[in-house]
There are 2 protein chains.
Amino acid sequence: MAAAAPSWVDLTLQSLRGEGFRNGGARRAVVDLLGRQECCLTAQEMFDRLRDEGNPVGIASIYRVLELLSEKGFVQRIEVGSGVARYEPAHHAGEHHHHHLVCDRCGKVEAFADEELEAAIHNVEGRTGYRVAGHDVVLRGACGDCR
Amino acid sequence: MAAAAPSWVDLTLQSLRGEGFRNGGARRAVVDLLGRQECCLTAQEMFDRLRDEGNPVGIASIYRVLELLSEKGFVQRIEVGSGVARYEPAHHAGEHHHHHLVCDRCGKVEAFADEELEAAIHNVEGRTGYRVAGHDVVLRGACGDCR
DNA sequence: CCCTAAATGGTAGCGGCTCTCATCTGGCGA
DNA sequence: TCGCCAGATGAGAGCCGCTACCATTTAGGG
């Protein structure tokens with residue numbers, strides 16, 4: 001990856017543009033917000049965050065944008081057990097690829113990454129008969145504060 | 001498994017009995033149904049199935065039973081991305097331990113198991129700072145029928 | 001057999017998400 | 001640069017999974 005590697009935000013917007021999608025304010029706002037995020041956000045969190053930033057976006061638009069991004073593989077949709085979906089940028093190159101630790105008690109979500117785990121998953125994928133598009137690993141338990 | 005090993009159904013009901021819980025018809029029906037299942041079910045599927053079998057159980061009772069079983073570790077709650085929770089018996093001994101393949105297109109859920117993957121996850125667990133109670137792995141993609 | 005607390009089930013309510021539709025606008029053609 | 005219009009947006013109604021509530025039933029010890 002050269003020095004001029006485009007950011008995830010730019011890459012995403014440009015790719016969509018290239019597929020004939022227009023570049024409205026709502027989509028740009030959501031993509032930009034996701035690009036500034038280090039871990040996953042819920043749709044409601046995005047709604048609140050954008051409103052606080054003085055750039056309100058309809059909740060319907062947020063879901064619409066997330067659906068498109070998810071379908072195109074730019075974001076990863078994650079469900080960690082509370083019945084609420086979370087979303088985060090999908091970094092294909094493995095660069096920021098990670099999984100999640102969820103506290104059963106307080107609901108906190110943290111990230112972790114592990115090479116060995118990725119390798120094991122990759123090995124499994126080939127044997128499934130599926131064309132595997134992605135994977136999630138969620139570890140559940142009590143976090144340091146709650147145990 | 002020795003000949004006298006109690007089934008998951010018996011073990012579950014007996015354990016709850018031992019903790020002072022009574023043994024009502026709804027709980028017995030749900031545990032029995034889960035015990036006959038090879039993979040995960042949604043609450044609604046259980047409701048319909050029990051009704052069809054002539055043993056109707058209130059949807060509220062089903063959720064209550066599942067919450068108790070889940071809390072006590074007898075069932076595993078799984079979310080595979082459609083916003084609906086699924087439940088299946090938890091086989092602690094690793095015996096029937098498995099994870100899930102979900103078809104993005106048709107929603108089909110299948111099971112798979114892999115030793116190497118389990119080992120990798122186990123290694124990660126120790127480094128998290130969490131007291132890890134369980135884990136889920138979900139592979140998403142297109143199944144043989146849909147690809 | 002009785003009594004009481006646990007269990008049950010119908011239903012209202014809540015919240016996340018989706019659908020619908022009227023309005024707005026990015027960006028291309030003229 | 002201007003006008004057009006398909007794609008994009010947002011408000012709100014509606015849907016559905018799930019939970020809360022409460023009146024009724026029942027398991028099972030005494």
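Below, read A as the first sequence line, B as the second, and so on, with proteins coming before strands; counting in each chain starts at 1.
Counting to the nearest Å, the P atom of D:dG17 and the OH atom of B:Tyr87 are 12 Å from each other. The interatomic distance linking B:Leu50 (CG) with C:dT8 (C1') rounds to 14 Å, in whole Å. Following rounding to the nearest Å, A:Leu68 (CG) and D:dT9 (P) show an atom-to-atom distance of 10 Å. A straight line from CD of A:Gln14 to P of C:dG26 spans 18 Å, rounded to a whole angstrom. Counting to the nearest Å, the P atom of D:dC16 and the CG atom of B:Asp48 are 14 Å from each other. If you take CD of B:Glu79 and P of C:dC17, they are 11 Å apart, rounded to a whole angstrom. B:Ile59 places its CD1 atom 9 Å from the C1' atom of D:dC18, with the value rounded to the nearest Å. Nucleotide D:dC18 holds its C1' atom 11 Å from the CD atom of B:Glu67, rounded to whole Å.
Scanning all heavy atoms of the two residues, the minimum distance from A:Trp8 to A:Gly35 falls at CZ3-N, 3.7 Å.
For the 3.5 Å distance criterion, the side chains of A:Tyr130 and A:Glu125 fail to qualify, holding no donor opposite an acceptor.
Minimum atom distance to the side chain of A:Val84 is reached by C:dG16, of the listed C:dG16, D:dG10, D:dA8. Among D:dA11, D:dA8, D:dC18, the nucleotide with an atom closest to any side-chain atom of A:Ala60 is D:dA11.
Looking at heavy-atom distances under 4.0 Å, A:Arg64 makes contact with a base. Among the protein residues, A:Ala26 comes within range of the sugar-phosphate backbone only, with heavy atoms under 4.0 Å from sugar or phosphate atoms but none that close to a base. If you check every strand for non-hydrogen atoms under 4.0 Å, B:Gly25 touches sugar and phosphate atoms only.
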Write down the protein N/O and nucleotide N/O pairs, taken from nucleotides 28-30 of chain D, whose separation is under 3.5 Å; answer none if there are no such pairs.
residue	atom	partner	partner atom	Å
D:dG28	OP1	B:Arg17	NE	3.0
D:dG28	OP1	B:Asn23	N	3.3
D:dG29	OP1	B:Arg17	NH2	3.0

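If you find the closest nucleotide of DNA chain C to A:Ala85 and to B:Phe47, the one lying nearer the 5' end belongs to B:Phe47.
Between A:Lys72 and A:Glu19 a salt bridge is recorded (basic side-chain N to carboxylate O distance below 4.0 Å). With salt bridges taken as basic N to acidic carboxylate O contacts below 4.0 Å, one links A:Arg140 and B:Asp136.
A:Val138 and B:Val138 are members of different hydrophobic clusters when ILVMFWY side chains are connected at heavy-atom separations under 4.5 Å.
At a threshold of 4.5 Å between non-hydrogen side-chain atoms, the residues B:Arg86 and B:Glu45 count as touching.
The side chain of B:Tyr63 contributes an N or O atom lying less than 4.0 Å from OP1 or OP2 of D:dC18.
Ring pair A:His135/A:His122: centre-to-centre distance not below 6.0 Å.
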